[in-house]
Every structure is written in C-alpha cells, then in structure tokens.
J.: 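Right, I'll just put the structure down here and ask away after.
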Protein chains: 2
Amino acid sequence: MDAESKTTTEIRDTFKDFLSSKGLRVTNQRLAIFDAAYEHPDHFTAEDLLERSREIDDSVSRATVYRALPILTESGLIREVDVGRDYKFYMANRNATTFQAQVICLDCDKIFEIDAPFMEWYGKTVADKLGLNVESQRLQVTARCDELQTAGICKRSGKKAS
Amino acid sequence: MDAESKTTTEIRDTFKDFLSSKGLRVTNQRLAIFDAAYEHPDHFTAEDLLERSREIDDSVSRATVYRALPILTESGLIREVDVGRDYKFYMANRNATTFQAQVICLDCDKIFEIDAPFMEWYGKTVADKLGLNVESQRLQVTARCDELQTAGICKRSGKKAS
DNA sequence: GTCAATGCAAAAGATTTGCATACGG
DNA sequence: CCGTATGCAAATCTTTTGCATTGAC
C-alpha cells in the first residue's frame, strides 16, 4: 500500500463524509460512480464514466451519473475540465495542489495537465483591478504535434498518422 | 469619420476580398451577418447575430448564420470566445493586437476583455516542453462581483441585485 | 448556365427533467 | 416510514445537415 498518498478507499470515505455532511444519501450508485472516476487514470467524459460505473454496478443510469458529477465536483474530489468541445471532461483530483493548465493536442487528441502556479497570482491581480473576486480560472493551450505530422508518429501518445 | 481606425465599410471590403480570394460568394446574407456583427459593440451569441442580421436582411436564416460564423472566424474579422457555457460567444475583432484574456463575472453576467501580452510567451514555453506548436490559447478568470452582493448594485455593469 | 449558397425542417448529440418507484437513514 | 435518489424516457437547447431551390459569377 502506498504510504505517501491516500488510498482510494480513504478518499472514498471522504466522499461518504461529504455526502453525509450535506444531508445527501450514500447510495451504491454514487459510490460506484466515485470508484469508476478514481479508477480512471486520465480525463474522462460523462459517457466514459457511465460505462465504467456500470461495470461496478450495472444499475447505474446516465441520469444518475449526470446528477452525481456536480456533487463530486463540489466536493473537490473530481475536477471539471472544459476544453471547449461540446462535451465536458472530468478527472479525479488525486493530489493537485497547484493550479493546473491544460495543453490540448489537436493531433494526439490528448490533454496534458501542467503546473501553472503563477496563475493564482495572475487571476487575483486582474480581478482586483475590476473589483471582482476570483472564483475559478482556466488556462489552456491548444497545440499541434509536429512530430506526428512530420515523422508520422508521436512518441508521447503513441499515435500514428492516419 | 474616424481617421485612426478603419471604418466598418472598409473592413467589409476586406471581408468581400477574403470571400473572393477563397472562391466563396459575396452574398447579401453574408454581408448582413458581417454588418450585424460589426454593429454589435460587445460579445454576442449566434442567436443574437441571427436576430440582428434579420433586421438588416430578413431573409437570413439560422443555418446561414451558423455557416457564416466559421468563415468570419477564419477571416480573422470576428473572434470566437468560448467561456464554457453551452453556447459560444463571438465578437468583432476590431483592433486587438495583443492576446486577450477574459474575466467572466458570474453576477454581472458580463465578459471583460483584458490584454494579456505575456500569454504569447507562456503558451510557447509550455508547448515547446512538450514538443508541440501552439495553435491557440485561452486564459479565463471567472469571478464574483462583491459590490453587487454587498451594496446591491454594480457600478460597472449597472446591474442591481435581484 | 453552373454550381455554390440558401432556407427550411429534421437530425444530432450532450445534458436535463418529470414522474412513478425504490431504498437509505 | 419519510423523503431523497433512482431509472426511464421524453424534453431541451445549441448546432449541424439533407435536400430542393435560388442566385452569384
């Protein structure tokens, strides 16, 4: 067992506590959705999550996934990552302490999370000038993979040119 | 007439030239949509644009607006501003030379455009590390208007607490 | 005249919601 | 037991698309 970071079981207890503290019920479906999210090593969509949740508890419905996502987001246990497509991505918020920026590769179709600690300061500075209080921030870089286009293969994603 | 910046008429000619150069046709509908976009001082949605275009040429259909938007965006004459809602915003790209960040106020429901010249550098640096070439970037700060919540009115937007 | 552009209406696709039922506390 | 959470299916809402017709060049 990993001595440094919390186990999924421990985090699941945090989730249970969160639900209880909000007067929400601890249901099998919610736990299955939580587990599915934490099993996922990467970014996932609501649909991905539905599929994986159902492998754990096949009674999970799409509606329940969509209703659970805001709860998980509010609990801070997962993070919403909107990169401007017509559907949203999410990811387990395992141990991110600093602000994360995203680099989205249009060729690899992959999202990289990058530490961007200075963002904390930046957002506050700008918002202050307008007399506003920062609620959230996002910094996204959309990019192209030259390697894929030139060499025909991308080492990072393993994707080959089509 | 303004001696410093281009008139809308001049920019419309640029649009016509752009269309011709791409082998696209200069239609009344496209010009009406262009004019509507440039009459709009602020951010607007596709639906806003449809409404205003129809005041100029009532034959403009929703489909044509949606088909014109990517053309206008590609021409660089308007800019797409996706702030993570389920619909996109657009705005006339009058004279922006430096990178613009957005501050979105959840209370005023207003989008402020802010110069963020350092972003050019930042995006390139991060993408370089991954071996990627920057295609586009976005930096957005979501904020709350304390003034509105405390004093009940926001000077900036003129909005009153409900 | 030719073929791109248009309007219309239907389709698409992610997310939300109404409602009767199931189940957690 | 009470009331929240669920599944299902229908609804929503923006954006896209197929097709017959119109109009730019």
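Quick note: numbers below take in every heavy atom, side chains included, and nothing from hydrogens, waters or symmetry partners. Note on naming: letters A, B, ... go to the chains in the order of the sequence lines (proteins, then strands), and numbering restarts at 1 for each one. This is a predicted model, so every value here is computed, not measured.
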J.: Is a side-chain donor-acceptor pair under 3.5 Å present for A:N93 with A:R79?
T.: yes
J.: If a protein heavy atom is under 4.0 Å from the base, mark B; if only from the sugar-phosphate, S; if neither, -; do that for nucleotides 20-25 of chain D going 5' to 3'.
T.: ---BBS
J.: Where is the tightest heavy-atom contact between A:D82 and A:K88, given as atom of each residue plus distance?
T.: OD2-CE, 3.9 Å
J.: To the nearest 0.5 Å, how far apart are OH in B:Y90 and CG in B:L72?
T.: 10.0 Å
J.: Between A:I71 and A:F18, what is the shortest heavy-atom contact and its length?
T.: O-CE2, 3.8 Å
J.: By a strict heavy-atom criterion of less than 4.0 Å, which residues belonging to residues 63-91 of chain A are in contact with DNA chain C?
T.: A:A63, A:Y66, A:R67, A:D86, A:Y87, A:K88
J.: Could you check whether B:D109 pairs with B:R85 (Lys NZ or Arg NE/NH1/NH2 to Asp/Glu carboxylate O, under 4.0 Å)?
T.: yes
J.: Answer with yes or no whether the side chains of A:H43 and A:E113 bring together a donor and an acceptor at under 3.5 Å.
T.: yes
J.: Nearest 0.5 angstrom please: A:I111 CD1 to A:I104 CD1, how far?
T.: 6.0 Å
J.: Of all of residues 39-57 of chain B, which get a heavy atom below 4.0 angstrom from DNA chain C, listed by number?
T.: none
J.: With rounding to the nearest 0.5 Å, note down the distance linking CG in A:D13 to CZ in A:F15.
T.: 11.5 Å
J.: Going from OG1 on B:T98 to CE on B:M119, what distance comes out if it is rounded to the nearest 0.5 angstrom?
T.: 12.0 Å
J.: Kindly determine whether B:D58 and B:R54 satisfy salt bridge (charged side-chain N to carboxylate O under 4.0 Å, His left out), including the steps that lead there.
T.: CA-CA 4 Å; B:D58 68 356; B:R54 279 185 163 158; over 6 Å; no
J.: Distance check: side-chain N/O of B:R62 vs OP1/OP2 of C:dA9, anything under 4.0 Å?
T.: no
